[in-house]
Asks: 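Got a structure for you, written out below as structure tokens; questions coming shortly.
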Amino acid sequence: MAEQPRALLAQLGGQPVLILPEGTIRTTGRDALRNNIAAAKALGETIKSTLGPKGMDKMLVDSLGDITITNDGVTILEEMEIEHPAAKMLVEVAKTLNQEVGDGTTSSVVFASELLRKAEELLDQDIHPTVIIRGYRIAQDIARKTLEKIAKKVTLKDREILKKIALTSMSGKSALAQNPETMEKIADLVVEAVLTVAREENGKIIIDREDIKREKKAGGSIEDTELIKGIVIDKEVVHPQMPKVVKDAKIALLDTALEVKETETDAEIRITKPEELKAFLAEEEKMLKEMVEKIAKVGANVVFCQKGIDDLAQHFLAKKGILAVRRVKRSDMEKLAKATGARIVTNLEDLTEKDLGYAEIVEEKRVGGENMVFVRGCKNPKSVTILARGGTEHVVEEIDRSIEDAIGAVTSALADGYFVAGGGAPEMEIAINVRKEAQKYSGREQLAILAFADAIEVIPKAIAENAGMDTIDIILKLRAEHEKGNITYGVDVDKGDVGDMLEKGVIEPLRVKTQMIASATEAAEMILRIDDIIAAGKSKKEESKKEEEEESVGED
Ligand code: ADP
Ligand code: MG
């Protein structure tokens, strides 16, 4: 299949011309396409078993032996360290989807890979990729219109609906599934968090997902997961003599170290006599003291510092009764700035009273055997943190991922104002509509449109299959219900039958579905367009770099 470089010799006036470097491997035409499709199919098969509420988990072991146990599509794809370029493209699509919508990633990869499987069958019948792409595009448009037609409205007032949307997005996560009460509680927290940060502007609902900070701490149980109206920082107060609680906090945010800088130039200071050392140290002490004086003078009683704080500076701060935290992450500094109204100050000399932020209370609390700093009652009430808890590191991480998905789902539902039933109901409705509309087209194009309809049924099929149900039986029943007009019927995994998803409260944001379908179709299209893979041979430089990396890992 892969041709050797000699095939890359172009004939130019009788002279062979080498247009690609030595070591390049080139695959062309149908071979290239089939190779890519095979990779996409393999990827789809791998994550299909995690889809839906009864999906299984994957245990991922990285090169260092660290384990992640998850059911989350994006996480699996990220951790798999995929090498194949076409499979990598699918992963990129899933990642983008995750950033933009926060849910529906497994579905999109499974669907994309099914679209490609069907495309392969069409290729076998000598249908050109361009025709397949055209058919898929027509079908996608029908799908979008179908979704818009069946979507229902949701507003900020519909707490129950929003909660169900959160629950549906979390339902596949086994860490939560065993405990319905906890799941309800977390769904409530997520809805509360989103409603807190949501605002209306010219009739549009605006939610910045960044306003909801997520923190996690192992220890305790999942039920201890809580919503904090304010910011939680995963750091401790830097000095034991500092107050652990400060009320009416005036907060300074510094992104400069409270340390005496190493001598600015590289010049060495030669100290030969003990008096000189003493003078040197005294000078250092004086400078640190002045820094602290400055902070105290503008009226700050809490300091969050992005850099280090010298031991001596800590001591002076403690004496002034100032609570200080050091080495705070930049992203946390920014969240603190937004929440408390403080300005992040780079040069201590510039610090004024106006730069200080406000919070009713800043306190250090013990969480799961470690200290965290809570900033509550902020000037900006629209800043919240969800602190995920759970018995072990693996559980907390999965809970945190579920919360992320749920925030994404509730946010998407509100931003567009629409939701649809889940459990494969919209996919089946799309399949039916696409098949109907396909009749308007002829020949090869129609075959491609019909292939899209077959492909999208993979979603209800996989949900049923993962629940141990008879997929052929279920798909036939589901088609029959939809033909009768029961458009919200989907796979009821508890009853092992088809059922009304709306009634069951299995609902999802419209956007998750439209985006899932759009990105899957786009990804399939992208892969179908490729008829030539030109892969550079591994360069010497890269290989030696890789070796170096492997070595340094060992040293660590
Ligand atoms: P994704 O990464 O695509 O969101 P999930 O594993 O979260 O993958 O599965 C999502 C699918 O599972 C959606 O089609 C959704 O409607 C469906 N689903 C979620 N909860 C249920 C349920 N209780 N019963 C049936 N289907 C469900
Ligand atoms: Mg999901």
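Keep in mind that the numbers below use all heavy atoms, side chains included, and drop hydrogens, waters and symmetry copies.
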Asks: How far apart are the C-alpha atoms of Lys48 and Val458, what are their side-chain angles, what is the distance that settles it, and do they pass the side-chain contact (heavy atoms from CB on, under 4.5 Å) test?
Replies: CA-CA 9 Å; Lys48 198 157 116 186; Val458 72; 4.3 Å; yes
Asks: Would you call Ser412 and Asp103 a side-chain contact if the rule is heavy atoms closer than 4.5 Å?
Replies: no
Asks: For a 4.5 angstrom cut-off between non-hydrogen side-chain atoms, does Asn371 reach Lys365?
Replies: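 With C-beta onward as the side chain, the pair stays apart.
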Asks: Between Lys145 and Glu148, is the closest basic N to carboxylate O distance under 4.0 Å?
Replies: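 So Glu148 does not pair with Lys145 through a salt bridge.
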Asks: Mind checking the CG-NZ spacing from Leu195 to Lys157? Nearest 0.5 Å is all I need.
Replies: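 Atom-to-atom, Leu195:CG and Lys157:NZ are 11.5 Å apart.
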Asks: His482 side chain to Tyr489 main-chain N or O, any donor-acceptor pair under 3.5 Å?
Replies: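 Such a contact is found between His482 side chain and Tyr489 backbone.
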Asks: Answer yes or no: is there a donor N or O on one side and an acceptor on the other, between the side chain of Asn466 and the main chain of Ala462, under 3.5 Å?
Replies: yes
Asks: Taking all atoms of both residues into account, what is the closest heavy-atom pair of Gly423 and Val506, and its distance?
Replies: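 For Gly423 versus Val506, the nearest heavy atoms are N-CG1, 3.8 Å.
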Asks: Quick one: does any side-chain atom of Ser108 pair with a main-chain N or O of Ala520 as donor and acceptor, under 3.5 Å?
Replies: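 No, Ser108 side chain to Ala520 backbone: no donor-acceptor pair under 3.5 Å.
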Asks: Find the distance between OG1 (Thr521) and CD1 (Ile133) and round it off to the nearest 0.5 Å.
Replies: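 CD1 of Ile133 is found 11.5 Å from OG1 of Thr521.
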Asks: Given Asp454, which partner from the list Arg117, Arg435, Lys118 fulfils the side chain to side chain donor-acceptor pair (under 3.5 Å) test?
Replies: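 Going through Arg117, Arg435, Lys118 one by one, the side chain to side chain donor-acceptor pair (under 3.5 Å) with Asp454 is satisfied by Arg435 alone.
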Asks: Got more than 12 heavy atoms from elsewhere within 6.0 Å of CD, Glu181?
Replies: no
Asks: Quick one, Glu508 with Ile165, criterion side-chain contact (heavy atoms from CB on, under 4.5 Å). Give me CA distance, side-chain angles, the key distance, then yes/no.
Replies: CA-CA 5 Å; Glu508 293 187 276; Ile165 290 172; 5.9 Å; no
Asks: Any donor-acceptor pair under 3.5 Å linking the side chain of Glu215 with the backbone of Leu387?
Replies: no
Asks: Under a 4.0 Å N-O cut-off, is there an ion pair linking Asp234 with Lys213?
Replies: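 Not counted as a salt bridge, because no side-chain N and carboxylate O are separated by less than 4.0 Å.
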Asks: So Lys235 and Met372, do their side chains get closer than 4.5 Å, heavy atoms only?
Replies: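 No, too far: nothing below the 4.5 Å cut-off.
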Asks: Does a side-chain heavy-atom distance below 4.5 Å link Val362 with Phe374?
Replies: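 No, side chains not in contact.
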Asks: Does a salt bridge link Glu201 with Lys204, judged by any charged N lying under 4.0 Å from a carboxylate O?
Replies: no
Asks: Is the shortest side-chain N to carboxylate O distance from Lys185 to Asp188 below 4.0 Å?
Replies: no
Asks: With a 4.0 Å cut-off on N to O distance, would you call Glu192 and Lys229 a salt bridge?
Replies: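 Between Lys229 and Glu192 there is a salt bridge, with a charged N closer than 4.0 Å to a carboxylate O.
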Asks: Thr196 and Pro381: which non-hydrogen atoms are nearest, and at how many Å?
Replies: CG2-O, 3.7 Å
Asks: Excluding sequence neighbours, so at least two apart, what forms ring pair (Phe, Tyr, Trp, His ring centres under 6.0 Å) with Phe111?
Replies: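 Phe452.
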Asks: Does any non-hydrogen side-chain atom of Arg444 lie less than 4.5 Å from one of Arg134?
Replies: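 The answer is no; the side chains never approach within 4.5 Å.
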Asks: Can you tell me which residue among Leu51, Thr471, Ile474 is in a side chain to side chain contact (heavy atoms under 4.5 Å, CB included) with Lys461?
Replies: Thr471
Asks: CD1/Ile207 to OG1/Thr411 distance, rounded to the nearest 0.5 angstrom?
Replies: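 One finds 4.5 Å between CD1 of Ile207 and OG1 of Thr411.
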Asks: Please enumerate all residues that pass side-chain contact (heavy atoms from CB on, under 4.5 Å) together with Thr225, with sequence neighbours excluded.
Replies: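 Residues passing side-chain contact (heavy atoms from CB on, under 4.5 Å) with Thr225: Ile186, Leu189, Ile222, Ile386, Arg389, Ile399, Ile403.
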Asks: Between Glu483 and Arg479, does any NZ, NE, NH1 or NH2 come within less than 4.0 Å of an OD or OE carboxylate oxygen?
Replies: no
Asks: Without swapping roles, check the side chain of Lys382 against the backbone of Ala198 for a donor-acceptor pair under 3.5 Å.
Replies: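 Yes; at least one donor-acceptor contact below 3.5 Å.
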Asks: Begin with the C-alpha distance, continue with both residues' side-chain angles, and end with the deciding distance and a verdict on salt bridge (charged side-chain N to carboxylate O under 4.0 Å, His left out) for Glu184 and Lys163.
Replies: CA-CA 8 Å; Glu184 295 252 338; Lys163 181 174 169 183; 2.8 Å; yes
Asks: Can you tell me how far the OG atom of Ser402 sits from the CE atom of Met183, to the nearest 0.5 Å?
Replies: 8.5 Å
Asks: Give the minimum heavy-atom separation between Leu147 and Val420, together with the two atoms involved.
Replies: O-CG1, 4.3 Å
Asks: Is Glu100 salt-bridged to Arg511, going by a charged N under 4.0 Å from an acidic O?
Replies: no
Asks: Give the minimum heavy-atom separation between Glu427 and Pro460, together with the two atoms involved.
Replies: CB-CD, 3.8 Å
Asks: Determine whether a donor-acceptor pair (N or O, by modelled atom type, separation under 3.5 Å) exists between the side chain of Thr385 and the backbone of Val232.
Replies: yes
Asks: Can you find a pair of side-chain heavy atoms, one from Arg376 and one from Glu363, that are under 4.5 Å apart?
Replies: yes
Asks: Looking at Lys152, I'd like to know if its NZ atom is crowded, meaning that more than 12 non-hydrogen atoms belonging to other residues, nucleotides or ligands lie closer than 6.0 Å.
Replies: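 No, because the 6.0 Å sphere around NZ of Lys152 holds 12 heavy atoms or fewer from other groups.
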Asks: Would a distance-only check, ignoring hydrogens and angles, find a side-chain to backbone donor-acceptor pair under 3.5 Å from Asp158 to Thr155?
Replies: yes
Asks: Using modelled atom types only, decide if a donor and an acceptor are shared between the side chain of Arg529 and the backbone of Thr130 within a distance under 3.5 Å.
Replies: no
Asks: Out of curiosity, Ile507 CD1 to Thr168 OG1, how far, rounded to the nearest 0.5 Å?
Replies: 6.0 Å
Asks: Please list all pairs passing the side chain to side chain donor-acceptor pair (under 3.5 Å) test where one or both residues lie in residues 87-98, with sequence neighbours left out.
Replies: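 Found none.
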Asks: Quick one: do Arg137 and Glu525 make a salt bridge, cutoff under 4.0 Å?
Replies: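 Yes, charged N to carboxylate O under 4.0 Å.
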Asks: Answer yes when Glu437 and Lys440 have at least one side-chain N-carboxylate O distance shorter than 4.0 Å, and no when they do not.
Replies: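 Lys440 and Glu437: salt-bridged.
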Asks: Could you tell me whether Arg199 and Asp211 make a salt bridge, using a distance below 4.0 angstrom between a side-chain N and a carboxylate O?
Replies: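 Asp211 and Arg199: not salt-bridged.
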Asks: Looking at CD1 of Ile233 and NZ of Lys335, how far apart are the two atoms once the value is rounded to the nearest 0.5 Å?
Replies: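 Reported to 0.5 Å precision, the distance equals 9.0 Å.
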Asks: So which atom in Ala406 and which in Ser169 form the shortest heavy-atom distance, rounded to 0.1 Å?
Replies: CA-OG, 3.2 Å
Asks: Taking Glu120 first and then Lys41, would you say they form a salt bridge - that is, a charged N and a carboxylate O separated by under 4.0 Å?
Replies: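 Yes, Glu120 and Lys41 are salt-bridged.
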Asks: Does the cation-pi check pass for Lys153 over Tyr418, that is, NZ or CZ under 6.0 Å from the six-membered ring centre and within 45° of its axis?
Replies: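 Yes - Lys153 lies over the ring of Tyr418, closer than 6.0 Å to its centre and within 45° of its axis.
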Asks: Within the structure provided, determine whether His128 and Leu123 are in side-chain contact (heavy-atom separation under 4.5 Å).
Replies: no
Asks: Checking side chain to side chain contact (heavy atoms under 4.5 Å, CB included) between Leu97 and each of Val512, Thr105, Val109, which is the one that passes?
Replies: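 It is Thr105; the other options fail the test.
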Asks: Does the pair Glu334 and Arg330 meet the rule for a salt bridge (charged side-chain N to carboxylate O under 4.0 Å, His left out), with working shown?
Replies: CA-CA 6 Å; Glu334 278 159 11; Arg330 180 70 199 182; 3.1 Å; yes
Asks: Just by modelled atom types, is the Ser221 backbone N or O under 3.5 Å from a matching donor or acceptor in the Asp224 side chain?
Replies: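 Yes; at least one donor-acceptor contact below 3.5 Å.
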Asks: Whether Glu370 and Lys217 form a salt bridge (side-chain N of Lys/Arg under 4.0 Å from carboxylate O of Asp/Glu) is what I want to check.
Replies: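 Counted as a salt bridge, because a side-chain N and a carboxylate O are separated by less than 4.0 Å.
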Asks: Could you please spell out the steps behind the side-chain contact (heavy atoms from CB on, under 4.5 Å) verdict for Ile142 and Ile430?
Replies: CA-CA 8 Å; Ile142 301 167; Ile430 287 168; over 6 Å; no
Asks: Closest heavy-atom contact between Ala448 and Leu122?
Replies: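 Closest heavy-atom pair between Ala448 and Leu122: CA-CD1, 3.7 Å.
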Asks: Determine whether Ile527 and Leu90 make a side-chain contact, defined as any pair of heavy atoms from C-beta on separated by less than 4.5 Å.
Replies: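 They are in contact (side-chain heavy atoms under 4.5 Å apart), so the answer is yes.
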